[in-house]
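Notes to accompany the following structure.
We name chains A, B, ... by the order of the sequence lines, and we start the count at 1 in each one.
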Number of protein chains: 2
Amino acid sequence: MSLDKKISVAVIKRLPRYYRYLSDLLKLGIKRISSKELSIRMGITASQIRQDLNCFGGFGQQGYGYNVEFLYNEIGNILGVNDNFNFIIIGAGNMGRALANYSNFDKRGFILKGIFDISPNLVGQTINNIEVLPLSSLDSFSKNNKIDIAMLCVPYEQTPIVADKVARLGVKGLWNFSPMDLKIPYDVIIENVHLSDSLMVLGYKLTEKLKNL
Amino acid sequence: MSLDKKISVAVIKRLPRYYRYLSDLLKLGIKRISSKELSIRMGITASQIRQDLNCFGGFGQQGYGYNVEFLYNEIGNILGVNDNFNFIIIGAGNMGRALANYSNFDKRGFILKGIFDISPNLVGQTINNIEVLPLSSLDSFSKNNKIDIAMLCVPYEQTPIVADKVARLGVKGLWNFSPMDLKIPYDVIIENVHLSDSLMVLGYKLTEKLKNL
DNA sequence: TAGATTGTTAATCGATTAACAATC
DNA sequence: TAGATTGTTAATCGATTAACAATC
């Protein structure tokens, strides 16, 4: 058990955002940046940037600021982009296919190992150079391949069943796209992507705006 | 300008979650629920539930709790599920198609009016009974159809260009799926869906967990 | 009426921001 | 050295939780 002080989830959630902005700066050829400059670009306070980064270590230098490439690599390490995670996609519908084609994932250390579906229409198709396998073959597949993460893109009612199945096969992380708070009786990390929640927040904001006009 | 006290975005973001849990309770045929019972189901405090709901009004009754159907409808109203929003999807790739087939959106008051793409391979296809139109026809389309929201499912570099275009045509809300913080010089509400940020948070948590074993 | 549970105020906790000494 | 900017402590702010009087 680690003795480090607990880092709040608010900080963790900001890390990928820092990573994106640093990547942009790198592409622009910018070598160094102060917390002040970065705060202006990101629309947050310089104080927050320095506090956030100092949860993980002193990456900057007084009087100079931060070396963009160094900071980019450090945040990448914290986020584990250099640790590779093998993942599978369950459900080869449009969402599953969209994720299978998401080229960014490779760059972040996520390696697509397999795509599974139950539909005979989809099994055998090739998506991003990977053949869709029948869900029934997942058992034997998982014996020959270490799978860290499963992305669940199956219909609502199937989601808990499939989650249970993959958890028992030893998958350690689930990325859930069904509009439910997935809970299973296994020690697995679950991230829920609630697209319709996000859209409803947009709807709320639009309604508020119209009201105040 | 409204004189109501400002409701925090933390509260707003919880509303769709309440709405989902109430929908589940309705389906289970449960007529009434106390903040205590709901708090156990949702894994939050009863205090938070009562505080959140009282931002919008007193929906409960002392000694009784909350009527599930009534509360469901009230939260629905707050979220604007009865106000219809017309939306279009730009980009008929896998993500665009996934969203076009998302049947939940209808139920929440979001009406798909059109799908646009530039690729001649996709234009003319039918998705969820809607024909994919060429992006070049968007101008005239928007003259004949009131569009509230545009969902942007186009490649990274195209995103700001397309966002600018639809904002000038009068679209009031943007749902952005590109891994960037979209900013445009128009008075438009933007919700960003950062899928790879979410996945990186999952990766971080997995790394932490492995470290602490 | 007695019991239950809300609505709401007050207390606590945690996250954000400000300030500044350390130091490059 | 003087100027700039970090790392870090202290102050502030806001969100969450606890407590309880009101009331169904």
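- Donor-acceptor pairing under 3.5 Å is lacking for the side chains of A:R32 and A:Y64.
- Here A:E208 does not pair with A:K205 in a salt bridge; the nearest charged N to carboxylate O distance is not below 4.0 Å.
- Taking CG from B:D83 and OH from A:Y204, the interatomic distance works out to 12.0 Å, rounded to the nearest 0.5 Å.
- Nucleotides of DNA chain C with any atom under 4.0 Å from a heavy atom of chain B span, from 5' to 3', C:dA4 to C:dA10.
- For the side chain to side chain contact (heavy atoms under 4.5 Å, CB included) test, residues two or more places apart in sequence or in another chain that qualify with B:D148 are B:F85, B:N86, B:K146.
- Applying the salt bridge (charged side-chain N to carboxylate O under 4.0 Å, His left out) rule to pairs touching residues 10-19 of chain B yields A:D181-B:R17, B:R14-B:D52, sequence neighbours excluded.
- Looking only at distances, no side-chain donor or acceptor of B:N145 sits under 3.5 Å from a matching main-chain atom of B:I147.
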Please list every donor-acceptor pair under 3.5 Å in which a side-chain atom of residues 40-51 of chain B meets a protein atom from a residue at least two apart or in another chain.
from	atom 1	to	atom 2	distance (Å)
B:T45	OG1	B:Q48	N	3.1
B:R50	NH1	B:S35	OG	2.9

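- Although no hydrogens or angles enter the test, the distance criterion places no donor-acceptor pair under 3.5 Å between the side chain of A:N192 and the main chain of A:N176.
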Next item on the list: Represent DNA chain D in dot-bracket notation, 5' to 3'. Only Watson-Crick or G-U wobble pairs with both distances under 3.5 Å count; pseudoknot-style crossings use [ ] and interstrand partners use |.
Entry: ..||||||||||||||||||||||

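- When ring centroids are compared, A:Y102 and A:W175 stay outside the 6.0 Å threshold.
- Of the residues in residues 40-54 of chain B, B:T45, B:S47, B:Q48, B:R50, B:Q51 come within less than 4.0 Å of DNA chain D through at least one heavy atom, sorted by number.
- Take A:K183 and apply the side-chain hydrogen bond (donor to acceptor under 3.5 Å, both in side chains) test, not counting sequence neighbours, and it matches B:Y21.
- B:N82 pairs by the side-chain hydrogen bond (donor to acceptor under 3.5 Å, both in side chains) definition with B:N77, not counting sequence neighbours.
- Contact check on A:R20 versus B:D197 returns a salt bridge, with a Lys/Arg side-chain nitrogen under 4.0 Å from an Asp/Glu carboxylate oxygen.
- Scanning residues 7-36 of chain A for heavy-atom distances under 4.0 Å to DNA chain D yields A:S34, A:S35.
- Contacts of residues 56-75 of chain B with DNA chain D (heavy atom under 4.0 Å): B:Q61, B:Q62, B:G63.
- A:S34 meets the side chain to side chain contact (heavy atoms under 4.5 Å, CB included) test with A:K36, A:E37; sequence neighbours excluded.
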Taking distance alone, no hydrogens or angles, what donor-acceptor pairs closer than 3.5 Å link side-chain atoms of residues 150-163 of chain A to residues at least two apart or in another chain?
from	atom 1	to	atom 2	distance (Å)
A:T159	OG1	A:P155	O	3.1
A:T159	OG1	A:Y156	O	3.3
A:T159	OG1	A:S178	OG	2.6

